Amino acid sequence: MTQRGPAEFTPPPECPVFEPSWEEFADPFAFINKIRPIAEKTGICKVRPPPDWQPPFACDVDRLHFTPRIQRLNELEAQTRVKLNFLDQIAKFWELQGCTLKIPHVERKILDLYQLNKLVAEEGGFDLVCRERRWTKIAMTMGFAPGKAVGSHLRAHYERVLYPYHLFQSGTNLLVDLYVCLVCGNGNDEDRLLLCDGCDDSYHTFCLIPPLSDVPKGDWRCPKCLAQECGKPQEAFGFEQACRDYSLKSFGEMADSFKSDYFNMPVHMVPTELVEKEFWRLVGTVEEDVTVEYGADIASKEFGSGFPIKGGKFKVAPHDEKYLRCGWNLNNMAMMTPSVLTHVTADICGMTLPWLYVGMCFSSFCWHIEDHWSYSINYLHWGEPKTWYGAPGFAAEQLEAVMKKLAPELFESQPDLLHQLVTIMNPNTLMAHGVPIYRTNQCAGEFVITFPRSYHSGFNQGFNFAEAVNFCTVDWMPLGRQCVDHYRLLHRYCVFSHDEMVCNMAMKADSLDVVLASAVQKDMQLMIKDERELRDKVRKMGVVRCELFEYNLLADDERQCVKCRTTCYLCALTCPCRPGFQVCLHHAHDLCSCPVSNYTLNYRFTLDDLYPMMNAVRQRAESYDEWASRVTEFMEAKLDKKRNVTVFRVLLEESDQKSFPENDLLRQLRLVTQDAEKCSSVAQQLLNGKRQTRYRTGGGNSPNQLTVEEMRSFVRQLYNLPCSLTQAPLLKELLNSIEDFQQHSEKLLSDEVSADSVSEIESLLEEGSQFDVCLPELPLLRERLEQARWLAGVQQAENLVSNPCGLSLDSMRRLIDRGVGLTPHPSTERTMARLQELLTISEELEEKAQALMKARPPESFETLSSMLTQVDGVPAYLPNCLLLQDTVNRAKGWLQEAEDLQVGGQTPVLSSLSDMVLRAYAIPVRLEPLDQLEVLVSEVQAWKESAAKTFLIKNSHFTLLEVLCPRWEVGSSLKKKMRKLKGECMSSGKKKLVKLDSMSDVERALSDSKDSASAMFTLAEVRLKELESLCALRAANESKLLPTADCASLKVCVCQKPPMGAMLQCELCRDAFHSVCVRRPSDPLDPEAWLCPLCLRSTKPSLTKIQTLLASLQRIRVHLLEGDALRYMIERTVSWQRRAREVIDFIFRFSEIHSADGLSSEVEELMVEGLLLQVSVPETQQLYRLLLSGPPTTDTSHTEHPPYLTPKHSSPQREVRSVKLYAITSAEKKAKRRMNREEAEIRDRGMKPKSKKQRMGTKKRRERKAASVSASDVSQSEDSEEDMTQCPAENCLQPEGEEVYWVQCDCCNRWFHMICVGVSAELAAEEDYMCVTCSTTNTGRRK
């Protein structure tokens, strides 16, 4: 660690800065009096004129030449100068000893010899420090690190450099006279004999103290000559004048060049802070020697002021003439009426006449106060800123004491050092010793004002031009007299005679301002009192000779006291022995040694002359004094004697009427009155509550609103005012109400936040808003209200009564967002934490639920159900979880439906299966039965595709169901709707026919069928419509082809044109078609029935194929509309095939097809119905051939049945019954056949009509059945008898046991197991039973 350098400079606080308005700026003295209470506390202040106040620069630049002062910066600072003086003494000592002083270095730093010498002296001297080994302590005090043997180095340097000088100062060297070699007569060692260059005395080098090791090479002085040379008094320090004369331009070039070179940057770019720190660093260092020049104290009278003056050489523009008369023009300011310096007769350069200052970077003005402790004002015309430091007037003696303490050597030789303007001290040092210091940067166009006895100093930031002058106001008068007494003690000359100025003002008493007259009267009292005492003292001394002497006619330097240099005016003592010399009466003993009787008292006024002058001034001030006494009395009145504010207004009016000047008392009276009026207005406003409250307007604190503490202070202020106000007691009562409100608020705020406290807080806020006072509880109450409202909102959101759905995520987020902006409180924090936790849990559950809903592949039902268990107990509205719940419920219902479908035993319907599959697709759950259902549906779809390939013609416009179902519209009637069919059905019970006008009606009817019987019934109804419409169509088409018809208007074929050329006739619809419009038969010679495109609806597969299709559908076990239609088609085909075989067999047996018209028509109808079938059976073509060619010839011996009429296919009943064609549907034939069948049953069985046994053994049933069979059936084989014992139901359950319940069809007499056809014993006893086949057949008969 090296020796510590000076600490970095810390700028003092800023002084006040005032920016007067034009109105305030109009009167400079009134404005200065106004700001004086503030500014005199800091000693200096800065005034910025209004922006438009810009006086022209009037100085004659060409004529301005000056010789600046040379300033060495490290010699300015007091402590640094002490160090330099000490080093000069040491250097001079060694120089006279013939040696050159070389300052040693320690730790690579120059050793501070002054500090080392001072510390050793404080520790008791060299011998004591060595004896007690204090060198390490001294090294640490000087800032060196311990442990590096620095103390030994310091001892060696002290012993070599400073100790000889210390011995010399202590007088030890004077003992050398005893060792004069010439006296001892010892002539040896001539080479060690020294000859003094001052007195030629001889000394051996080893006889000197301290002894010299070698003979000095330069001049050498003996100890006597050395003591004489070093004992000379030090010359007073002062600035040297430069050798060069500068013009303003050349000085500016030099100044700018210096600054730019020093900081290595353009002058305008150097920060003021950097210049300030560098200045104080240079001032405090010994090693660096920086020299600058300062053009100070240049007389404006010689070269012209910077401000324009009347009669000056500078020609003022018309618009700038206002600056000639402006009070802020420094040429006018000192001599304006409010300044007492107007009563000083002589022109004082620098005080009543401005001085000019041309500065450069680092040029400075040292600590000083103005002459006679007057005011000063400085204006910076242009250039770079000037940095100021100031101390208030009350700290002047403190600053002087600190500087004397820190640099006593300087004040010993120059007691009035601070009046020489040559010494500066770092403001940080002064502040460290308790001196208040303030600073400011004065820029171009700104004023700096210093107040009486305020020390100030500073330096220039660069090249600039300033102007300064002094002035004195009335308040300065007492300080001016104190300053004269202070100067007398310092033996400092006065710039002007204070007594002379006072007397001059007294002689103009009639024209004096009353305030000034009062001040002059008080000053004259002190002056006359001191003068009377001094004259009495001189008279007692024995001075009897007195002479009138007009000292005002002498120059100031000719009437100074020879002792204290005070300017004499009222009187002085002279002696004939010393003509031209005088002393003031304070130093009467210091005139000369002559007898006092020789002295003469020269006086300007007798005491009798002075009293009338004082009385005249008193009379001038009496009216003001009487007014002032009343003001003082009222201002100092106690509480019970205070006057109303109106009395103070009257006093102000009186001062205006009598034109009392502006002074402290009047300002105080005006201030008190204004304060009282303002307090009255504010108090009334507080009482009335006129201003809208912040709570109502939603605003913040008003800048003019009082706090409660301020209101307490305000109430105290009301009672402390010199006057009384009627609002004071009322405001006190209001304050009590406010304090009650505060207590209530504090109690509420100390309680826990509750949602139930909203109304109470609102009422408190409403009460507090009535007070026009800044209540700190109001924002806290608003915060508490927001907290309570927030808690109430949370409580309401969680209330299931008002919010049945629960707390939603958005509500939680909104509440949390609102809660984030609330002021933290444990209650809200707990609720916030609970909400945040609930939101986190809810969001996690929502995310999980959403993820489960969107999972691909879907999650299982168990996974979703387990997820729902986590949701239970969460008090929140969770849409995704609710959707998940709904999904689980739907999945559960779907699974239950699928289970019921599997367990119920019912054959499922395709539409139900498809709907279940589609619904399963909409449920985002992995449903185990879905795969089975999809397979089942795909099998059904595959079956439908197979059926479509089997039946549908390529590019057919018919659907599979339309092909399989009987046609409800035939031929041209496809474009028209059939009329409604009405009738009754003789099935098991009677019901109305369903409306079957379109395919959609048929599909709806089939879909509504609960079982196969209902579906068969519906299809039978459609078949009836098919036959009816076909009969009508055939008749219509045959009728239009009669020869009587008009062929031109006849519309035939698909093209709907008249017949022409080769024509083809459809065997089904009997319509004619052009051979070119339709497809011809593949083999014209083959007698096959030809069908038109409208009648040929399918490929008509064989019965075997469709039976295979039906069998595959039955294996699938799905209820399909197409399956019902296919089953009906097969039953219809089988039924028709059976009838067709019977007819063909009958015809072949008896050859009667043409025996009667009825039989031929019946065969044709049977053939037509066969053509309607969408199944290819050989009977259709056989009937067609029979109709075309007739039956074969009858030969009983050689009769051969066709291949399809084998005994296996023959029925025993066909041979005994007449052929019954169910296509004949007349009501008479049906009724007759029904009656005959019933009578035969009654006759053969011996039973009552419409009754049959419900329970019968197998053997007995066979006997009864055999009895009903004719004799021709005896030849039937046992195989056919075995067939009779079997149930003909489609899906026989084959029941076993002794007792098996049977039921007989009332139409075909076939027996069925009751359990196979779903008939109960009660129903069989009470109702007729008809099998499915008979139901279909009878439906066709009903026509």
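Since we're looking at a predicted model, the values are computed, not measured.
Put simply, the side chain of His368 gets close to the backbone of Cys366: a donor and an acceptor are under 3.5 Å apart. Judged by distance alone, with hydrogens and angles left aside, the side-chain atoms of Ser339 form no donor-acceptor pair with the main-chain N or O of Met335 at under 3.5 Å. The closest donor-acceptor contact from the side chain of His456 to the backbone of Ser454 lies under 3.5 Å. Listed for the Ser257 side chain is no donor-acceptor partner under 3.5 Å among the backbone atoms of Met254. Side chain of Gln442 to backbone of Asn378: a donor-acceptor contact under 3.5 angstrom is found. Listed for the Thr42 side chain is a donor-acceptor partner under 3.5 Å among the backbone atoms of Ile44. Judged by distance alone, the side chain of Lys386 and the main-chain N or O of Gly462 form no donor-acceptor pair under 3.5 Å.
Residues Ser363 and Gln71 come closest through the heavy atom pair CA-OE1, 3.4 Å. Minimum heavy-atom separation, Phe451 to Cys45: CE1-SG, 3.9 Å. In plain terms, the two heavy atoms of Asn331 and Ser305 that are nearest each other are ND2-OG, 2.9 Å. Scanning all heavy atoms of the two residues, the minimum distance from Ser497 to Thr567 falls at CB-CG2, 4.0 Å. Counting all heavy atoms, side chain and backbone alike, Cys443 lies closest to Leu380 at C-CD2, 3.5 Å. Minimum interatomic distance between Phe463 and Val358 (heavy atoms only, all atoms of both residues): CE1-CG1, 3.7 Å.
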Evaluate the criterion side chain to side chain contact (heavy atoms under 4.5 Å, CB included) for residue pair Phe714 and Val682; output intermediate values, then yes/no. CA-CA 10 Å; Phe714 180 64; Val682 173; 4.0 Å; yes

### Message
Using the rule given for side chain to side chain contact (heavy atoms under 4.5 Å, CB included), can you reason through Met505 versus Leu516, listing the C-alpha separation, both sets of side-chain angles and the distance that settles it, and then say yes or no?
### Response
CA-CA 9 Å; Met505 287 188 288; Leu516 181 58; 4.0 Å; yes

For Asn329 and Tyr379, run side chain to side chain donor-acceptor pair (under 3.5 Å): C-alpha distance rounded to whole Å, both residues' side-chain angles, the deciding distance at 0.1 Å, then the answer. CA-CA 9 Å; Asn329 185 329; Tyr379 181 75; over 6 Å; no

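Of the listed residues (Glu384, Glu253, Glu278), just one forms a salt bridge (Lys or Arg N to Asp or Glu O under 4.0 Å) with Lys259, and that residue is Glu384.
Other residues, nucleotides and ligands place more than 12 heavy atoms under 6.0 Å from the OH atom of Tyr262. Remark: Gln674 CD is packed, more than 12 non-hydrogen atoms of other residues, nucleotides or ligands lying under 6.0 Å away.
Remark: Lys34 pairs with Glu24 by the side chain to side chain contact (heavy atoms under 4.5 Å, CB included) rule, at least two apart or across chains. When the side chain to side chain donor-acceptor pair (under 3.5 Å) test is applied to His372, no partner is found at least two apart in sequence or on another chain. Every residue two or more places apart in sequence or in another chain was checked for a side chain to side chain donor-acceptor pair (under 3.5 Å) with Glu23, and none qualifies. Here Pro28 pairs with Trp328, Met333, Met336 under the side chain to side chain contact (heavy atoms under 4.5 Å, CB included) rule; sequence neighbours left out.
Using the six-membered ring where Trp is involved, Trp382 and Phe465 have ring planes that are parallel, under 30° apart on the 30 and 60° scheme. Ring orientation note: the planes of His381 and Phe57 are nearly perpendicular, at an angle over 60° on the 30°/60° scale.
Between Asp371 and Arg492 there is a salt bridge, with a side-chain nitrogen of the basic residue lying less than 4.0 Å from a carboxylate oxygen of the acidic one. Contact check on Arg244 versus Glu293 returns no salt bridge, with no Lys/Arg side-chain nitrogen under 4.0 Å from an Asp/Glu carboxylate oxygen. Residues Glu370 and Arg453 are not paired through a salt bridge, judged by the lack of any N-O separation under 4.0 Å between the basic side chain and the carboxylate. Ion pairing between Asp485 and Arg488 holds under the 4.0 Å rule for side-chain N and carboxylate O.
Stacking of Arg69 on the aromatic ring of Tyr294 is not recorded, the 6.0 Å distance cut-off and the 45° axial limit not both being met.
Inspection of the Tyr357 and Asp297 side chains reveals an N or O donor paired with an N or O acceptor under 3.5 Å. Side-chain atoms of His65 and Asp245 form a donor-acceptor pair, as typed in the model, at a separation below 3.5 Å.
Ring to ring, Trp476 and His498 are close: their centroids are under 6.0 angstrom apart. Ring-centre distance between Phe447 and Trp53: below the 6.0 Å cut-off. Between Phe459 and Trp388, the ring centre distance reaches or exceeds 6.0 Å.
Evaluation of the side-chain hydrogen bond (donor to acceptor under 3.5 Å, both in side chains) test over residues 267-276, restricted to residues two or more places apart or in two chains, returns Glu276-Tyr389, Glu276-Arg439.
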Throw together a table of side-chain donor-acceptor distances under 3.5 angstrom for residues 310-327, partners on residues two or more places apart or in other chains.
{"residue": "Tyr323", "atom": "OH", "partner": "Gln54", "partner atom": "N", "Å": "2.9"}
{"residue": "Tyr323", "atom": "OH", "partner": "Gln54", "partner atom": "O", "Å": "3.4"}

